[in-house]
Amino acid sequence: MATQTSVTVLGLGSMGRAVASALLAGGRTVTVWNRTPGRDSGLVAAGARGVSDVADAVAASPVVITLLLDQASVHATLDPIVQSLTGRRLVNLTSTTPDEARELASWASRHGIDLLDGGIMVPPHLIGRPGASVLYSGSRTAFGENRAMLELLGNAEYFGADAGVASAYDFALLSAMYGMFGGFFHGAALARSAGISARQYSERAASLVTAMTRSLSAHGELIDAGDYRTDMQNIALHKAAVDAILRATIDAGLAPDLLTPFKALIDRQVSAGHGKLSLSRTIEEIG
């Protein structure tokens with residue numbers, strides 16, 4: 001198994017700079033490029049090689065990591081110099097949808113490039129620190145040959161040859177995160193309307209959310225089994241609670257925007273006769 005010590009990082013936003021810094025700290029030879037000049041000064045001072053031409057950046061290393069804005073920016077950057085990438089390993093850490101990741105993998109395969117797609121599960125300041133995690137799928141060869149380097153960024157997990165799986169995991173996990181934050185912000189607004197400080201509310205919310213996460217595995221088992229029968233709190237009971245929270249929100253003069261989509265999913269199920277089933281059944285209303 002080959003061990004690569006030289007790597008190129010394309011894209012020096014906050015995440016790109018964090019990744020390049022972690023690679024430098026791990027003793028790798030790092031070449032960096034950014035479309036907008038001037039973002040590489042700190043990295044160059046730390047030992048990176050900064051180049052202004054993307055073709056030169058790609059030519060400098062057998063492994064190229066992209067941390068660009070989106071799939072379109074990956075193509076805009078790499079399509080004009082795609083022949084320079086032939087025979088290299090491309091690790092795409094740009095946020096792309098599962099289908100976009102698969103499209104990039106197909107594009108890479110046509111040009112003789114091994115593509116590994118990744119989803120970074122921590123903010124930039126945690127890259128390379130204990131607890132950091134990056135999910136990967138795509139080329140098994142690219143993952144195996146470069147695992148030691150990838151581990152410099154965080155715990156590296158591989159989910160198979162389908163390049164879209166890491167992205168699906170990434171976006172699914174982030175959906176839970178954004179849902180939690182959205183619920184927290186709604187709750188903080190409701191608490192504030194009653195004179196409760198956000199700090200006071202946050203302490204109790206953290207305790208409740210921690211307790212509720214213990215039920216996620218049970219919800220997962222019900223969803224996988226497809227059997228939503230329950231003798232505990234059912235959808236109809238949750239509807240009464242959500243309806244009351246919505247009334248309290250409106251009474252307080254607050255925007256109900258974060259709550260109304262979830263209420264619509266619950267209302268639809270009750271109207272269809274599923275009120276006695278578990279709240280886990282809500283996944284069936286999503287898809």
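FYI, the numbering just counts along the sequence from 1.
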Hey, could you give me the [atom1]/[atom2] distance between [X] and [Y], rounded to the nearest 0.5 Å?
X: Ile196; Y: Tyr201; atom1: CD1; atom2: OH; answer: 10.0 Å
X: Gln71; Y: Leu104; atom1: CD; atom2: CG; answer: 5.0 Å
X: Leu10; Y: Thr77; atom1: CG; atom2: OG1; answer: 7.0 Å
X: Leu115; Y: Arg102; atom1: CG; atom2: CZ; answer: 12.5 Å
X: Thr230; Y: Lys276; atom1: OG1; atom2: NZ; answer: 12.5 Å
X: Trp33; Y: Asp53; atom1: CH2; atom2: CG; answer: 9.0 Å

[X] side chain to [Y] main-chain N or O, any donor-acceptor pair under 3.5 Å?
X: Ser137; Y: Ala161; result: no
X: Arg147; Y: Ala156; result: yes
X: Ser197; Y: Gln200; result: yes

Q: Might you work through the side-chain hydrogen bond (donor to acceptor under 3.5 Å, both in side chains) test for Glu284 and Tyr228, ending with a clear yes or no?
A: CA-CA 10 Å; Glu284 305 300 340; Tyr228 301 111; 2.5 Å; yes

Heavy-atom neighbours of [X] [atom1] exceed 12 at 6.0 Å:
X: Met177; atom1: CE; result: yes
X: Arg110; atom1: CZ; result: yes
X: Arg268; atom1: CZ; result: yes

Q) What orientation do Trp107 and His75 show, parallel under 30°, tilted 30 to 60°, or perpendicular over 60°? A) perpendicular

Is there side-chain contact between [X] and [Y], with at least one heavy-atom pair below 4.5 Å?
X: Asp162; Y: Val165; answer: yes
X: Asp117; Y: Ser167; answer: yes
X: His186; Y: Thr249; answer: yes
X: Val32; Y: Arg49; answer: no

Q) Taking Val134 as the fixed residue, which of Leu93, Val19, Val91 is the one that meets the side-chain contact (heavy atoms from CB on, under 4.5 Å) rule? A) Leu93

(Q) With a 6.0 Å cut-off on the ring centroids, do Tyr158 and Phe143 count as close? (A) yes

Q: Could you pull out the closest heavy-atom pair between Val270 and Lys239, with the gap in Å?
A: CG2-CD, 3.8 Å

Q: Heavy atoms only: give me the nearest Leu24-Gly47 pair and the separation to one decimal.
A: CD2-C, 3.9 Å

Q: Consider only side-chain heavy atoms of I, L, V, M, F, W and Y, link residues closer than 4.5 Å, and tell whether Val122 and Val9 are in one cluster.
A: yes

Q) So if you build clusters from Ile, Leu, Val, Met, Phe, Trp, Tyr with side-chain heavy-atom gaps below 4.5 Å, do Ile120 and Phe159 land together? A) no

Q: Would you sort out whether Gln269 and Thr282 count as a side-chain contact (heavy atoms from CB on, under 4.5 Å), showing the intermediate values?
A: CA-CA 8 Å; Gln269 292 177 86; Thr282 303; 3.1 Å; yes

Q: State plainly whether the residues Arg247 and Asp251 are in salt-bridge range, i.e. N to O under 4.0 Å.
A: no

